[in-house]
Undergrad: 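One structure coming up, written as structure tokens, with questions to follow.
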Amino acid sequence: MGLTIVEKILKKHITEGEPEKGTEVGIKIDQTLTQDATGTMAYLQFEAMNVPKVKTDLSVSYVDHNTVQIGFENADDHKYLMSVAAKYGIVYSRAGNGICHQVHLERFGKPGKTLLGSDSHTPTSGGVGMIAIGAGGLDVAVAMAGGAFYLTYPKVIKINLTGELKPWVSAKDVIMKVLETFTTKGNVGCVFEYGGPGVKTLSVPERATITNMGAECGVTTSVFPSDETTKEFLKAQDREDDWVELSADNDAEYDKIVDINLSDLEPLTATPHSPGNISKVKDLKMPVDQVCLGSCTNSSYKDLMTVAKIVEGHVAHPNVSFVVAPGSKQVLENITKDGGFKNLLSAGARFTENACGFCIGNSQSPKTEAVSLRTSNRNFLGRSGTKSANAYLVSPETAAAAVITGEFTDPRELEKQGIKYPNIEMPKKFHIDDSMFIFPKDAVKTEIYRGPNIGNPPDAQPLKDTISGDVVIKVEDKITTDHIIPAGSKMKYRSNVPKYSTFLFEVVDPTFHDRAEKIRDSGKDNIIVAGLSYGQGSSREHAALCPMYMGVKAVIAKSMERIHNANLINFGILPLDFKDEKDYDSIDQGDELELPNIKESLNEGKDLVVKNKTKGTEFEVKYTLSDRQKNVLLAGGTLSYMKNK
């Protein structure tokens, strides 16, 4: 039997376990990336491991999230990150160099290698044939220290592409179709592998857009073959030597095959407040207040040049605020060289930094009750920075149409205005300038800088045999990590866990922190009860770290997403699923719950019994934990577990 691309790469990287679907394996990580919002805590945890140098082939520390420096906190974090990089042999990408996923794709991504990143959109590099996985910062720190990354050996779903995209339809519409097909839940433990004759019609940036947003489906990662198109992209980046051919065997077997005919697709959009709410653009008619072009999903040379050609000779509609965030310094330099910058500027574009910016809500928040069209990957409630705003996820082409018309417009309608679709060719050779990287050989080694906002990771406690406390909050389905702990302007406190914890669940219930603090300080445990797909979205480990600090000992949900489940275990919080989902309805916020005999049940592999002391009832919960994960929990989290090994 032949092998899939996923199986071929994992086969060369498994260090522990057997390649049996549904079982835990440990894999060697070749490369890591962090960004400044998650990186500070990741490197604080790495420091705690007392390892003299990183042990990966390559580790890169990017500054791309908290680049808006209001107050001292972000600048202090960046100085800390630079000093850590110099000491431990890490490449440092300075603020202004670009968004980690775009830059890594350009300068470091290698077919056939593994990449672990402290950002959920790390699978972007699957566009060049990597197994690229998003994870919590602690998992990345372990990988930098030479440890394995553990994952459930995945099911592989082949998405078979046929046909070719028509004018005005783009890669963003492909991944929207995938989201419409698979939704945002129920795909944990799977990998999307793209194949079929349609693959060769897609450039690497288009492939990267598709793998980037596979994260919204909840899959472990997504991957494309490495073919002649990949080779040409790497050659244009002066990295042809990094290319290897990589494809699935003809007789490879998949757990599922889904066919998508690219020729049948039309412009699509994700409507508020989920990437899974897919509609046809032609069915939406409404005025638009803001258009934001960029983010790690759609900020490549091809994306920006396409819009630049569409809007050439036009000025943004008077009611539209038009924002452009290039994905990298390289992108900005190349569109400037080829006339794209001038076209966009003349069309009224407001250029922001080569950074995440508007996508994470730390700048360019729209007006009250605005309709904001964004080429980014998430449109969760309040993520834009304006809770009352309605954010729609669209392709660059649909964004350009709204810039010109001032309303939601099917971009194909622009043909009626005499605007022809521009077929942008990828450069044979990009203008390359790596001067914004500080490589280890050039780094100036100094004392590690620690500003007053930077604190050590809080200590976790060993798992109790009996968890007894109150349901501090009960939440509905699809609670994201944005709901749990906000991004935007609050991210500057990620190095300061006590301060950052004050914002827990503020979008859902602003009284959460005071209630949790009162329960914790009384000596009781905090317990969270949740619906389906709890913890979807960002990889931010603070959605587990801050609850741990506030005394949360267990989360009981109908289902949980992969990264958040792993983060809970990393910080000693017991992740549990209802054995019967109907039991969710029998619990109220404030109920007193007791989980006795936990250690015995884990050792014997038995389901746990939960006593609702308020209601006088009992129900069972289940868990999916490897022996290693049980030991991590018993130790109180990964850092404690590593110290005790």
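This one's a predicted model, so the numbers in the text were calculated from it and none came from an experiment.
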Undergrad: Do Gln35 and Asp119 have side-chain atoms, one donor and one acceptor, less than 3.5 Å apart?
TA: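 The criterion, which ignores hydrogens and geometry beyond distance, is satisfied for Asp119 and Gln35.
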Undergrad: NZ of Lys28: more than 12 outside heavy atoms within 6.0 angstrom?
TA: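 Atom NZ in Lys28 is crowded, with more than 12 foreign heavy atoms closer than 6.0 Å.
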Undergrad: Quick check: are there more than 12 heavy atoms from other residues, nucleotides or ligands sitting under 6.0 Å from NZ of Lys630?
TA: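 More than 12 heavy atoms, drawn from other residues, nucleotides or ligands, come within 6.0 Å of this atom.
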Undergrad: With a 4.0 Å cut-off, would you call Asp255 and Lys21 a salt bridge?
TA: yes
Undergrad: In terms of side-chain heavy atoms, does Thr67 have a donor or acceptor partner in Glu353 at a distance below 3.5 Å?
TA: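 Side chains of Thr67 and Glu353: pair found under 3.5 Å.
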Undergrad: What's the shortest heavy-atom distance between Pro154 and Val6, and which atoms?
TA: CG-CG1, 4.2 Å
Undergrad: May I ask you to check whether Phe46 and Tyr88 place their ring centers less than 6.0 Å from one another?
TA: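 Aromatic pair counts; centres sit under 6.0 Å.
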Undergrad: Between Arg207 and Asp227, is the closest basic N to carboxylate O distance under 4.0 Å?
TA: yes
Undergrad: Is it true that Thr480 and Gln536 share a donor-acceptor pair across their side chains at a distance under 3.5 Å?
TA: no
Undergrad: Can we say Asp482 and Arg540 salt-bridge, meaning some charged N sits less than 4.0 Å from an Asp/Glu carboxylate O?
TA: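 Counted as a salt bridge, because a side-chain N and a carboxylate O are separated by less than 4.0 Å.
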Undergrad: Locate the shortest heavy-atom distance separating Leu179 from Cys217; write the atom from each residue and the value.
TA: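 In terms of heavy atoms, the two residues are closest at CD2-SG, 3.5 Å.
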Undergrad: Which residue, Gln102, His431, Gln237, forms the side chain to side chain donor-acceptor pair (under 3.5 Å) with Gln330?
TA: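 Single side chain to side chain donor-acceptor pair (under 3.5 Å) partner of Gln330 among Gln102, His431, Gln237: Gln237.
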Undergrad: Side chains of Thr4 and Tyr254: do they bring a donor and an acceptor to under 3.5 Å?
TA: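 There is no such pair between these side chains.
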Undergrad: Between Thr638 and Asn570, do the side chains contain an N or O donor and an N or O acceptor separated by less than 3.5 Å?
TA: yes
Undergrad: Under 3.5 Å, is there a donor on one side chain and an acceptor on the other for Ser59 and Thr32?
TA: yes
Undergrad: Show the nearest heavy-atom pair for residues Met560 and Leu568, with the distance to one decimal.
TA: SD-CD1, 3.7 Å
Undergrad: Are the side chain of Asp242 and the backbone N or O of Lys110 linked by a donor-acceptor pair below 3.5 Å?
TA: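 No, the answer is negative, given that no donor and acceptor are paired below the 3.5 Å cut-off.
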Undergrad: For the residue pair Met426 and Lys302, what are the closest heavy atoms and their distance?
TA: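 For Met426 and Lys302, the tightest heavy-atom pair comes out as SD-CB, 4.1 Å.
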Undergrad: So, for Ile99 and Ser295, which heavy atoms are closest and what is the spacing to 0.1 Å?
TA: CD1-C, 3.7 Å
Undergrad: Using modelled atom types only, decide if a donor and an acceptor are shared between the side chain of Thr114 and the backbone of Asp30 within a distance under 3.5 Å.
TA: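 Confirmed, Thr114 side chain pairs with Asp30 backbone.
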Undergrad: For Tyr43 and Tyr80: C-alpha separation, side-chain torsions, deciding distance, then whether ring-ring contact (aromatic ring centres under 6.0 Å, His included) applies.
TA: CA-CA 9 Å; Tyr43 293 118; Tyr80 166 77; 7.3 Å; no
Undergrad: Does the pair Lys429/Asp238 count as a salt bridge with the N-to-O cut at 4.0 Å?
TA: yes
Undergrad: Go through the side-chain N and O atoms of Tyr62 and His104 and say whether any donor and acceptor fall under 3.5 Å apart.
TA: yes
Undergrad: Identify whether the distance between the nearest side-chain nitrogen and carboxylate oxygen of Lys337 and Glu333 falls below 4.0 Å.
TA: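 The answer is no: the pair does not qualify as a salt bridge.
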Undergrad: Between the side chains of Asp77 and Arg494, is the shortest nitrogen-to-carboxylate-oxygen separation below 4.0 Å, so that they form an ion pair?
TA: no
Undergrad: Using every non-hydrogen atom in the two residues, find where Met49 and Ala145 come nearest and quote the distance to one decimal.
TA: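 Scanning both residues, the minimum pair turns out to be SD-CB, 3.9 Å.
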Undergrad: Is it possible for you to check whether Arg628 lies under 6.0 Å from the centre of the six-membered ring of Tyr150, through NZ or CZ, and within 45° of that ring's axis?
TA: yes
Undergrad: Would you say that more than 12 heavy atoms from the other residues, nucleotides or ligands in this model lie under 6.0 Å from the NZ of Lys8, or not?
TA: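 Above 12, so yes.
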Undergrad: Among side-chain atoms of Asn212 and Thr297, is any donor-acceptor pair under 3.5 angstrom?
TA: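 Distance-only check passes for Asn212 and Thr297.
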